[in-house]
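Reviewing the structure listed below.
Predicted model only: the values in this text are computed from it and were never measured. Just so you know, ligand 1 is whichever comes first in the structure, and atom 1 is the first atom listed for that ligand.
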Amino acid sequence: MILLTGATGSIGRHLVRRLTDRGAEFRAPVRDEAKGRALGCPYAVGDFDDPASLTAAFAGVDRLFLNGPGAVPVDGEQPMVRQYTAAIEAAAAAGVERVVKVSVWHAEPGSRLAQGAHGVLDRRLTAAVPGWTLLLPSGFLQNLLLPGAFTPDGRLVGRYGGAPVSHLDCRDIAECAEVLLTGAPRPGESFVLTGPQALTDRQLADRVAHALGRPVDLLPLTPDEVAAALTAQGLPASFAADLATLLREVATGTLAEVTTAVPDLLGRPARTVDTFLADHLPALRAATRLP
Ligand SMILES: NC(=O)c1ccc[n+]([C@@H]2O[C@H](COP(=O)([O-])OP(=O)(O)OC[C@H]3O[C@@H](n4cnc5c(N)ncnc54)[C@H](OP(=O)(O)O)[C@@H]3O)[C@@H](O)[C@H]2O)c1
C-alpha cells in the first residue's frame, strides 16, 4: 500500500491519476474531505500539522510518496521543516520500507527557503528510513500558471536575469515517482530532474508567444525588485530577502544544466516547454488575461 501525500498538488494530482490507471493500491491523506472526494481515489484525513492523523493514515503502508507545501510563510513562521519531520517520523514508526521524496535541486542545510528546509529534511529522511530515494527537480513549468507569473497586461515576469533554466513539467516528476514507487526500488539514490532544454526568460516568453499566436513581452525584474513587490503584497521582509538571494544564485546559472534523469527513468524524452504550453492553452490564456 502506497501513501500519496500532497495528492491535491501540482505533482500529486498527476500521480493519483497514474496510480489509479495502473490499479496500484494507494491512499491519499488530505486535509479537507471535500478535496479527498474530488480526487476520486481512496483517501484518509491526514495533516502534517496533526501527527495523530498521520499515524492513522500510515496503517498498512509500506511505501510513501512524500511531498507537500513549499517554503510558504504562515503567520511569520516557516512551518515546512516541522511539518515534513512529522511525516518522516510517522513513516519510520510505521516501518515504511520505501520513501520517494520530492526535494529541490541544490538542497543544502543552511541555504535559503525551500533549499535550506529540504536540505535539513533530506538528511532527516536518510537517517530515519534506509529505503529513501530523492527527487531533486529544477523549476516547474506549472509555475507559469500561478498568480503573478504574468503582469495584468499579459507580460511574462522574468526573474532569472539572462540565465537559462531547465524548467520541467510536473507530469514528468509524477511519472518518475510512479516508476520509483511501483518498479524496482532505488534506495539511496538522488535524481536531479530537468526538462530537455534550458531557456532564458526571453526565450520562454517567445515560446509562450508562439503557443498563444500573439506577441508576449517580458518584464525583467531584478531580485531586489521581486523582493520589493513581495513585501508590498504583505509578505515578510525576511522571506523576500531570502528569495532575492536565491534568485541571484539562479541568475549565475545554477539551474541551467540539462540532465538525463527523466529519460533514464521513463525510457522517453522529458516533455518540452512547447508540449506543456500546448497542453495548457486555456489555463495559459487565463493566466495572461486573454479571452
Ligand atoms: N515550484 C517549483 O518550481 C519547485 C521546484 C523544485 C522543488 N519544488 C518543491 O515541490 C514541492 C511542492 O510540490 P507541488 O508544487 O506539487 O505542491 P503544491 O501544488 O504546492 O501542493 C502542495 C500540497 O501539499 C499539501 N499540503 C499543504 N499543507 C499541508 C499539510 N499541513 N499537511 C499535509 N499536506 C499539506 C497541499 O494540500 P491542500 O490541497 O490541502 O492545500 C497540496 O496537496 C515543495 O516541496 C517545493 O519545495 C518546487
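- Nearest to atom 47 (O) of ligand 1 by heavy-atom distance, out of H106, H118, Q115, is H118.
- Here the shortest heavy-atom distance to atom 12 (C) of ligand 1, taken over G9, G68, P69, G6, belongs to G68.
- Close approach to A114 involves these atoms of ligand 1, each under 4.0 Å from a residue heavy atom: 47 (O).
- Side chain of S166 to backbone of Q197: no donor-acceptor contact under 3.5 angstrom is found.
- Nearest protein heavy-atom contact of atom 8 (N) of ligand 1 is F140 CZ, 3.5 Å.
- Under a 4.0 Å N-O distance rule, the pair D279/R271 does not qualify as a salt bridge.
- Under a 4.0 angstrom heavy-atom cut-off, T5 registers as lying outside contact with ligand 1.
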Next on the checklist: Between R123 and E108, is the salt bridge (charged side-chain N to carboxylate O under 4.0 Å, His left out) condition met? List the steps.
Outcome noted: CA-CA 9 Å; R123 286 178 191 214; E108 189 64 41; 3.4 Å; yes
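- Applying the 6.0 Å contact sphere to CD of E189 captures more than 12 heavy atoms from other residues, nucleotides or ligands.
- Between the side chain of S53 and the backbone N or O of D47 there is at least one donor-acceptor pair closer than 3.5 Å.
- For ligand 1, the atoms closer than 4.0 angstrom to any heavy atom of V104 are 6 (C), 7 (C).
- Atom numbering of ligand 1 starts at 1 in the shown order; those under 4.0 Å from a heavy atom of Q83 are 31 (N).
- Those atoms of ligand 1 that come under 4.0 Å of a heavy atom in D49, given as number and element, are 31 (N).
- Protein non-hydrogen atoms do not reach within 4.0 Å of atom 20 (O) of ligand 1.
- Nearest heavy atoms, A174 versus L15: O-CD1, 3.4 Å.
- Put simply, the side chain of T133 gets close to the backbone of R186: a donor and an acceptor are under 3.5 Å apart.
- Shown here for G139 and L255, the closest heavy-atom pair between the two residues is N-CD1, 4.5 Å.
- Put simply, the residue from V273, T259, I173 that forms a side-chain contact (heavy atoms from CB on, under 4.5 Å) with L168 is I173.
- Checking only distances, G70 never comes within under 3.5 Å of ligand 1, N or O to N or O.
- Taking each of R31, H167, K101 in turn, the one with a heavy atom nearest to atom 41 (O) of ligand 1 proves to be R31.
- Classification of the Y84-H118 ring pair by plane angle, with boundaries at 30° and 60°, yields perpendicular.
- Nearest protein heavy-atom contact of atom 31 (N) of ligand 1 is D47 OD1, 2.9 Å.
- Residue F48 places at least one N or O, backbone or side chain, under 3.5 Å from an N or O of ligand 1.
- Of the N and O atoms on the side chains of D274 and T272, not one donor lies less than 3.5 Å from an acceptor on the other residue.
- Looking from atom 1 (N) of ligand 1 to the surrounding protein, the closest heavy atom is N143 OD1, 3.2 Å.
- For atom 42 (C) of ligand 1, the closest non-hydrogen atom on the protein side is T8 OG1, 3.3 Å.
- At a threshold of 4.5 Å between non-hydrogen side-chain atoms, the residues E249 and T245 count as touching.
- Residue contact annotation: S138 has a non-hydrogen atom under 4.0 Å from ligand 1.
- For ligand 1, the atoms lying closer than 4.0 Å to a non-hydrogen atom of K35 are 38 (P), 39 (O), 40 (O), 41 (O).
- Annotation: atom 16 (O) of ligand 1 to nearest protein heavy atom, I11 N, 3.0 Å.
- Within the structure, ligand 1 has S103 among the residues with a heavy atom less than 4.0 angstrom away.
- Between H167 and L144 there is no side-chain heavy-atom pair separated by less than 4.5 Å.
- Numbered from 1 in the order shown, with element, the atoms of ligand 1 that lie under 4.0 Å from a heavy atom of G139 read 3 (O).
- Within the 4.0 Å heavy-atom shell around ligand 1 one finds N67.
- Heavy-atom contacts of Y84 reach the following atoms of ligand 1: 45 (O) (cutoff under 4.0 Å).
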